[in-house]
Amino acid sequence: MGGTHHATHDNRLTNEDLAPSATRTWRWKDYLFLWMSDIHSVAGYITVGSLFTLGLPLYDVFAALLFAILLVQLACNLMAVPSFKTGAPFPVIARMTFGVYGAIIPALIRGIIAVGWYGIQTWLASNALVILVLKIWPVLEPWANATQHGLLGLSYVGWLAFLTIWGLQTLVFWNGMDAIRHFIDWAGPVIYGLMALLDIWLLSKTGWHLSFQIFTPHQPVSLIAHAFGIINAMALILAFFAPIILNFGDFSRYGTSMQSINRGNFWGLPFNFLAFSCLTLVTITLTLPVFGHLIFDPVETAVRTTSLGTAIIGVITIVTATIGINISANFVSAAFDFSNMAPHLLSWRKGGLIAAIGAILFTPWNLYARPELIHLTLDVLGTFITPLIGIILSDYYLIKKQTIITDDLYSSDHGNIYWYRSGFNPVALLSLFISTGCGALFIFLPALASMRNFSCLFGFAIGILAQTLLSSFLPHQYKLRQPTA
């Protein structure tokens, strides 16, 4: 149940962008296209493709994809509710659990992670542009070599491409949430057209023959190995979607109804994700007979086609889809998070500019140059994200029984429900410390190295347990007050 009790809003806790959303224009199709934009990217393609190399039978991989995406759908539907009821974005909803000032901590964690992802996705999209430029103008090859002509580890051609994508994203973002909605409405679906064209071209080169024999395990797999493989693949998918689950309230606040949000999530997640996974499998499989080896990068596949026109259309499409996920999954959330740190000084747009500048200072190409470091980084980032999801969901559904008082989220009155102790909830902060620490053990303890991929799952589960148990054992200032109309 949501409501207000008419507290005075504190300008240190609100601004026009963090205040409850005045307009609700997002219909179910907008959420479908949001998910298309999130999934149909270079990172999404490579993540799904990598699961087919785990040595599992294909039906195991698709079972893992289905089970994982159903969990993602459930988590997003649950995360959507408090933001939909109040019209508030994630940093404000986090005040319900962490306190009106304590919420700066989870928001800052999410903001830093979003900047990191934003930089990596921007660089991935710009890299596609570099490959296309060199296909058209091979004479620029020396200028695309960072050791000959480069700055801070990136070539001059790389810098030009990176700043081009960076500028395009900033332009779309600057025009507001409605412009973002219109952009992703066509950025996501267009990738299906490209993949269909690519598959037709590849099939024509193989004499219209398709075989998945390459992905069939050579030796029988035991029942335990089946189960472990499926859970491992599920963990990878859940880690990939964790930031988007946490961010989902930033979009559900604009929904016309919870029914439209849930409907969009159904068509956008299990239905769309499995369709995209099937197309990914077909495309990767066809690269073996056509090019002589498996290619897991859609950019390389598009550029290696003999037609320059196909390469240009392919790269533009892939870049557009990647810009779509970057704006929706990373730029929007970071903007809210940084604005939340000083709402009276930083608007949503200013918060977004901080994120954009941070993405350049991050020099993501240097981090991405070492894959083992990237995998470690993503494991660490996921270990910080999933406990937040667990803590907020358990607090809203199990402890507060879906009661949320909108006005108290924006007030620093000491008698308010989310004031806790001096604006901080020690229970939630302790739960975050415990769950993040336990998740980190799976990454850094050599004895648990084989279970590193499960760090996100353990962090999520321990977050739920810690928040639920500590709230019942440790006294704090939260008193359940029924909202008044």
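Any value given below was found using the heavy atoms of this structure, including those in side chains, with hydrogens, waters and symmetry copies removed. Values in this document were obtained by computation on a predicted structure and should not be read as measured data.
Pro91 approaches Asp337 most closely through the heavy-atom pair CG-OD1, 3.3 Å. Across Pro138 and Ile136, no two heavy atoms sit closer than the pair CD-O, 3.4 Å. When all heavy atoms of Phe442 and Ser455 are compared, the closest pair comes out as CB-CB, 3.9 Å. Thr256 and Thr25 make their closest contact through CG2-C, 4.0 Å (heavy atoms, listed as atom of the first residue, atom of the second, distance). Smallest separation of non-hydrogen atoms from Ala302 and Leu198: CA-CD2, 4.2 Å. Pro289 and Thr206 get closest at one heavy-atom pair: CG-CG2, 3.6 Å.
Within the 4.5 Å cutoff, the side chain of Leu388 has no heavy atoms near those of the Thr436 side chain. In this structure the side chain of Leu34 reaches within 4.5 angstrom of the side chain of Phe248, judged on heavy atoms. Side chains of Ile112 and Phe384 form no contact here, defined as non-hydrogen atoms less than 4.5 Å apart. Side-chain contact between Tyr45 and Met195 is present, with heavy atoms from C-beta onward closer than 4.5 Å. Looking at heavy atoms from C-beta onward, Leu353 lies out of side-chain contact with Phe338 at the 4.5 angstrom threshold. Contact annotation: the side chain of Ile131 never approaches that of Val315 to less than 4.5 Å [non-hydrogen atoms, C-beta and beyond]. Looking at heavy atoms from C-beta onward, Leu274 lies in side-chain contact with Leu66 at the 4.5 angstrom threshold. With a 4.5 Å cut-off on side-chain heavy atoms, Phe240 and Val48 do not count as touching.
With Arg24 contributing its side chain and Arg253 its backbone, the two residues share a donor-acceptor pair below 3.5 Å. Under the 3.5 Å distance criterion, the side-chain polar atoms of Thr97 are left unmatched by any main-chain donor or acceptor of Ala94. Checked by atom type and distance alone, the side chain of Ser339 never pairs as donor or acceptor with a backbone atom of Phe336 at under 3.5 Å. Looking only at distances, no side-chain donor or acceptor of Lys135 sits under 3.5 Å from a matching main-chain atom of Ala311. No donor-acceptor pair under 3.5 Å is formed between the side chain of Asn232 and the backbone N or O of Phe228. A donor-acceptor distance shorter than 3.5 angstrom exists from the side chain of Asp30 to the backbone of Arg27, with no hydrogens or angles considered. At distances below 3.5 Å, at least one donor-acceptor pair connects side-chain atoms of Asn326 with backbone N or O atoms of Tyr118.
Note that OG of Ser333 is 10.0 Å distant from CD1 of Ile244, once rounded to the nearest 0.5 Å. Within the model, atoms CG of Leu197 and CG of Leu202 stand 11.0 Å from one another, a figure rounded to the nearest 0.5 Å. Atoms OG1 and CG, from Thr283 and Leu203 in turn, are 9.0 Å apart once rounded to the nearest 0.5 Å. To the nearest 0.5 Å, atoms OG1 (Thr383) and CZ (Phe454) are separated by 13.0 Å. For the atom pair Leu441 CG and Leu448 CG, the distance stands at 7.0 Å (nearest 0.5 Å). The distance from atom CD1 of Ile284 to atom CZ of Phe212, rounded to the nearest 0.5 Å, is 11.0 Å.
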Identify all side-chain donor-acceptor contacts of residues 73-84 below 3.5 Å with residues at least two apart in sequence or on another chain.
| unit_1 | atom_1 | unit_2 | atom_2 | d |
| --- | --- | --- | --- | --- |
| Asn77 | OD1 | Asn265 | ND2 | 2.8 |
| Ser83 | OG | Ala88 | O | 2.9 |
| Ser83 | OG | Gly249 | O | 3.4 |

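Relative ring orientation between Phe52 and Phe62 is described as tilted, the plane-to-plane angle lying within the 30° to 60° band. In this pair, Trp28 and Trp267 present their aromatic rings tilted. The plane angle is within the 30 to 60° band. Ring geometry for Phe251 versus Trp26: interplanar angle of 30 to 60°, hence tilted.
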Exercise for the section: Starting from the C-alpha separation in whole Å, work towards a yes-or-no answer on side chain to side chain contact (heavy atoms under 4.5 Å, CB included) for Ile165 and Leu129. Expected result: CA-CA 9 Å; Ile165 302 298; Leu129 212 55; 4.1 Å; yes
Practice task
Under the side chain to side chain contact (heavy atoms under 4.5 Å, CB included) rule, what do Leu457 and Met234 come out as? Steps first, then yes or no, please.
Solution key: CA-CA 10 Å; Leu457 294 175; Met234 285 177 64; over 6 Å; no
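A donor and an acceptor atom, one from each side chain of Asn145 and Ser155, are nowhere located under 3.5 Å apart. In this structure, a donor-acceptor pair under 3.5 Å is absent between the side chains of Gln121 and Asn330. The closest side-chain donor-acceptor pair between Thr301 and Thr287, if any, does not fall under 3.5 angstrom.
Checked against the 6.0 Å centroid criterion, the rings of Trp365 and Trp159 qualify as a close aromatic pair. The ring of Phe362 has its center no closer than 6.0 angstrom to the ring center of Trp117. Under the 6.0 Å cut-off for aromatic ring centres, Phe266 and Tyr31 do not qualify, their centroids lying 6.0 Å or more apart.
A cation-pi arrangement, defined by a distance under 6.0 Å to the six-membered ring centre and an angle within 45 degrees of its axis, is present between Arg95 and Tyr410.
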